[in-house]
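Below is one structure, written out as structure tokens; comments come after it.
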Amino acid sequence: MTSTTAISPLHVGHIRSQIPILSREIKGKPLVYLDNAATTQKPQCVVDALCHYYLQANANVHRGIHTLSEEATHAMEQSRHFLADYLGALPEEIIFTKGTTEAINLVASSLAKGKWFRPGGQILLSYLEHHANIVPWQMVAEQHGLEIKVIPVTDQGELDLAACRALISPNTQMVALGHTSNALGTVNPVREIVAWAREVGALSLVDGAQAMGHTRVNMTQLGADFFAFSAHKAFGPTGVGVLYGRANLLDRMPPYQGGGEMITEVRFEKTTYNTLPFKFEAGTPHISGNIVAAEAVKWFTAHAPEAVAQHEQQLLQRATHRLEAIDGLRIIGQAKHKAPVVSFVVEGVHHHDLAIMLDIEGIAVRTGHHCTQPLMERFGITGTTRASFSLYNTLDEVDFFADMLKRAINKLR
Ligand code: PMP
């Protein structure tokens with residue numbers, strides 16, 4: 001399949017040539033990978049960096065006196081410094097985690113352990129949230145007698161901002177909100193909502209899982225107290241994520257897990273904890289992944305953000321336009337500000353059947369509830385078919401997807 005680079009200043013063909021898996025065939029057809037919200041594909045440089053670590057630099061980090069251990073430690077801490085700079089944060093504010101899910105669990109359980117929440121206090125979430133930004137808060141709420149409040153979503157798939165404003169009160173203790181919806185693509189006005197949270201003395205956490213692979217995010221501009229993302233959704237490896245937290249908060253929060261690395265001194269009578277960020281990094285970390293997380297961000301930022309945004313919006317507009325023309329197809333989520341995600345239902349056709357038909361054509365889409373069951377319920381559906389695009393997708397792929405979708409729908413009806 002040829003890429004349609006002429007209308008875009010982004011060199012999509014060149015970008016694609018750096019990602020070997022995109023040349024694969026699936027069932028004899030060229031792969032058309034439209035499941036980027038689940039995980040993005042990996043550039044050669046990211047895979048090379050992983051290989052290099054295991055083949056040339058493998059050693060456990062910290063505490064080691066020998067050269068290899070010093071090199072591994074240096075590489076991991078360099079990555080932390082790079083990510084801190086990129087996010088506009090301090091190195092001690094960057095905690096390596098397994099991913100967004102672990103980062104949110106860390107914040108919820110540590111704040112609860114540290115008695116941040118008072119009984120009767122409220123945690124504000126939204127209908128757009130991924131289960132990873134719902135369940136950890138429910139667990140804490142159950143244990144500590146807190147109330148969960150939920151920002152409603154309009155029929156367009158946008159947060160109801162007037163309702164949101166009204167829900168934020170002196171009882172609000174935490175506002176935990178997704179930057180971008182994985183299910184609908186809605187980009188939320190997080191800066192505004194975070195500022196409202198601050199006005200009433202509430203903390204804020206932004207789930208950035210779907211933001212990092214599409215846009216630059218700066219902690220100073222965002223103003224949130226916590227921000228979480230997973231490297232695998234931004235061209236990096238799985239099992240690696242970052243929690244950003246304000247140093248003055250993290251300092252006062254108790255550790256999440258106990259073990260090696262997170263201590264200063266262990267005695268049976270009393271153990272003292274390490275300084276930030278190590279206090280929150282118990283055990284041997286995902287060293288290779290933590291090193292390579294920075295590599296993936298560097299690869300992404302080698303492309304101008306405006307060019308990426310423009311290209312992704314073109315993909316979104318073309319997909320929306322083509323799908324809207326299909327009889328009986330309803331796009332769920334028509335927000336004004338959207339990441340390149342198109343979620344839809346088709347009258348009389350089950351989404352799983354559609355995904356099977358598309359897979360035969362080499363097209364990878366995701367179907368189901370996308371770990372957003374309350375959102376699906378809000379729209380009175382059990383799931384959608386979701387095509388999610390990334391900077392390496394082409395307009396030709398969008399057209400091929402739309403053509404094959406139309407054909408599959410006609411066959412299934
Ligand atoms: N939040 C959002 C918005 C997501 O899309 C995802 C992954 N689908 C997560 C959280 C959880 O990320 P992970 O599974 O990498 O921890």
Side-chain angles (χ1 to χ4, degrees), residues 33-42 46 83 95-109 125-139 150-151 153 157-159 175-188 190 193 204-215 217 222 224 226-244 256 280 285-286 289-290 292-293 296-297 332-333 335 337-343 364-376 378 383-390:
Y33 186 76
L34 307 182
D35 194 18
N36 294 287
T39 197
T40 55
Q41 297 300 350
K42 320 303 173 202
V46 166
L83 292 167
I95 295 160
F96 286 121
T97 68
K98 279 195 307 194
T100 308
T101 304
E102 191 183 45
I104 298 173
N105 275 279
L106 186 162
V107 174
S109 70
L125 308 175
S126 92
Y127 269 94
L128 287 173
E129 298 321 304
H130 186 281
H131 296 165
N133 199 28
I134 298 175
V135 185
W137 302 113
Q138 282 179 322
M139 289 160 78
V150 189
I151 306 166
V153 165
E158 292 175 331
L159 293 180
V175 177
L177 196 63
H179 181 291
T180 299
S181 158
N182 65 308
L184 308 187
T186 312
V187 178
N188 293 318
V190 272
I193 298 173
S204 57
L205 176 144
V206 172
D207 169 355
Q210 296 293 335
M212 289 292 286
H214 297 289
T215 187
V217 189
L222 187 65
F226 303 99
F227 179 83
F229 73 90
S230 304
H232 73 95
K233 290 180 195 285
F235 320 103
T238 51
V240 180
V242 164
L243 168 69
Y244 155 82
Y256 172 52
F280 289 105
H286 186 339
N290 292 349
V292 172
V297 173
I332 309 291
H337 299 291
K338 263 184 85 168
V341 173
V342 189
S343 235
V365 293
R366 189 148 295 248
T367 55
H369 55 62
H370 315 295
C371 295
T372 57
Q373 282 183 331
L375 181 66
M376 296 294 115
R378 154 69 181 83
T384 71
T385 303
R386 180 188 71 188
S388 52
F389 307 95
S390 185

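Both counts, for ligands and for their atoms, begin at 1 and track the order of listing. What you see is a predicted model, and the numbers here were worked out from it, not measured in a lab.
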Ring pair (Phe, Tyr, Trp, His ring centres under 6.0 Å) partners for His130, two or more places apart:
none
Would the number of heavy atoms belonging to other residues, nucleotides or ligands and lying under 6.0 Å from OH of Tyr127 be above 12?
no
Any Phe96 side-chain heavy atom under 4.5 Å of Glu102 side chain:
no
List the residues meeting side-chain contact (heavy atoms from CB on, under 4.5 Å) with Ala293, not counting sequence neighbours, and say none if there are none.
Leu83, Ala231, Val240
With Pro374, the side chain to side chain contact (heavy atoms under 4.5 Å, CB included) member among Leu125, Val150, Val153, Ile134
Ile134
Report each N/O pair between ligand 1 and the protein that falls under 3.5 Å, naming both atoms.
unit_1	atom_1	unit_2	atom_2	d
ligand 1	1 (N)	Asp207	OD1	3.3
ligand 1	1 (N)	Asp207	OD2	2.5
ligand 1	5 (O)	Gln210	NE2	2.7
ligand 1	8 (N)	His130	NE2	3.2
ligand 1	8 (N)	Lys233	NZ	2.7
ligand 1	15 (O)	Ser230	OG	2.7
ligand 1	15 (O)	His232	NE2	2.8
ligand 1	16 (O)	Thr100	N	3.4
ligand 1	16 (O)	Thr101	N	2.9
ligand 1	16 (O)	Thr101	OG1	2.6

Residues which pass side chain to side chain donor-acceptor pair (under 3.5 Å) with Ser343, listed by chain and number, not counting sequence neighbours
Thr384
